Amino acid sequence: MSADEQKDIYSYVAAFPGLVLEIFSDNWNLLKIDIIKGKKPLSNKKNFIPDPIIKTISFFDDYFTGKRSSLKIVFDIKSSSSNSERDTDTVLHLDMSSYTVNEIRIYKKLLEIRPGKTISYGDLAEYSGIARGARFTGNCMAKNNFPLIIPCHRVIKKDGSIGNYGGGVEIKKFLLKHETDMFFYSNSR
């Protein structure tokens, strides 16, 4: 994108059971999701809500009703507005332009961990092909701009304790309990 082009950034605040999220996007990619702590007004009186935000809200509606979203998650590593090959109905593009190859590898493997299941930081690193990478995995989870979509709340300490979470430990516990209660999958990843 040239310096002459201005990228429009949109935000939308949405409330879900036990959670308020602020969702940021441009016209093509989801840019970031913030977990709101405390009160934030739901002032979404905009005529235009971009497609990535609409898809993200749909993803969360499915999540909080115990359904697995049918959206395909695509990691876009080049921040670009010229992509005519986007499937506007079934694909959610995440702007991953600020992440390294190894961070993306960790996040892609994390997407394979099913709702209600957990994995340790070290095991996720090993599963991703990164030797002795527990600390690296922890840093990846802290840097995750897409909580719940990239489900960093499913990553716990090796000893089984909960570990940290950007939204707070209570929200992490809430999300894990929600998944255990709502999703009925086998014990496999």
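Since we're looking at a predicted model, the values are computed, not measured. Counting begins at 1 with the first residue of the sequence.
Remark: K32 is not positioned above the aromatic ring of F146, lacking an NZ or CZ atom under 6.0 angstrom from the ring centre and at most 45 degrees off the axis.
S25 is listed as a side-chain neighbour of I53, based on a closest heavy-atom distance under 4.5 Å. At a threshold of 4.5 Å between non-hydrogen side-chain atoms, the residues T118 and I113 do not count as touching. Looking at K55 and L30, their side chains never come closer than 4.5 Å, going by heavy atoms from C-beta outward. Contact check for P147 versus H153: no side-chain heavy atoms found under the 4.5 Å cut-off. Looking at heavy atoms from C-beta onward, N144 lies in side-chain contact with C152 at the 4.5 angstrom threshold. Side-chain contact between I171 and I35: present, with at least one pair of heavy atoms (C-beta onward) separated by less than 4.5 Å. Contact check for I162 versus K157: no side-chain heavy atoms found under the 4.5 Å cut-off. Between I119 and R154 the shortest side-chain heavy-atom distance does not fall below 4.5 Å.
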| message | Evaluate N102 against T100 for side-chain hydrogen bond (donor to acceptor under 3.5 Å, both in side chains), listing each step before the verdict. | response | CA-CA 5 Å; N102 282 340; T100 68; 5.7 Å; no
| request: Give the C-alpha distance, both sets of side-chain angles, the deciding distance and a yes or no for side chain to side chain contact (heavy atoms under 4.5 Å, CB included) between I106 and Y121. | output: CA-CA 10 Å; I106 292 278; Y121 295 97; over 6 Å; no
| task | Start with the C-alpha gap between K108 and R105, add the side-chain angles, then the distance that decides, and say whether side chain to side chain contact (heavy atoms under 4.5 Å, CB included) holds. | result | CA-CA 5 Å; K108 283 184 176 180; R105 184 184 318 165; 5.9 Å; no
| message | Assess the residue pair H93 and D76 against the criterion (side-chain hydrogen bond (donor to acceptor under 3.5 Å, both in side chains)); give the C-alpha distance rounded to whole Å, side-chain angles, the decisive distance to 0.1 Å, and a yes or no. | response | CA-CA 6 Å; H93 293 264; D76 278 348; 3.0 Å; yes
| said: Please evaluate residues W28 and D51 with respect to the criterion side chain to side chain contact (heavy atoms under 4.5 Å, CB included), reporting the C-alpha separation (whole Å), side-chain torsions for both, the decisive distance (0.1 Å), and the verdict. | reply: CA-CA 7 Å; W28 303 274; D51 193 54; over 6 Å; no
| task | Take D123 and K158 through the test salt bridge (charged side-chain N to carboxylate O under 4.0 Å, His left out) and record every step on the way to the result. | result | CA-CA 8 Å; D123 288 346; K158 190 76 160 176; 2.7 Å; yes
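E179 places a side-chain N or O within donor-acceptor distance of the main-chain N or O of G116, the cut-off being under 3.5 Å. Listed for the Y165 side chain is no donor-acceptor partner under 3.5 Å among the backbone atoms of A142. Judged by distance alone, the side chain of S69 and the main-chain N or O of L71 form a donor-acceptor pair under 3.5 Å. When atom types are taken as modelled, the side chain of S58 and the backbone of I54 share no donor-acceptor pair closer than 3.5 angstrom.
L21 CG to L148 CG: the interatomic distance, rounded to the nearest 0.5 Å, is 7.0 Å.
Sparse packing is recorded around CG of N164, with 12 or fewer heavy atoms of other residues, nucleotides or ligands lying under 6.0 Å away. More than 12 heavy atoms of other residues, nucleotides or ligands sit less than 6.0 Å from atom CD of E103.
No close placement of the Y10 and F24 rings is indicated, their centers lying 6.0 Å or farther apart. With ring centers used as reference points, H178 lies under 6.0 Å from Y63.
Relative ring orientation between Y107 and F75 is described as perpendicular, the plane-to-plane angle rising above 60° on a 0-90° scale split at 30° and 60°.
Among V91, I150, L94, the single residue meeting the side-chain contact (heavy atoms from CB on, under 4.5 Å) criterion with I73 is L94.
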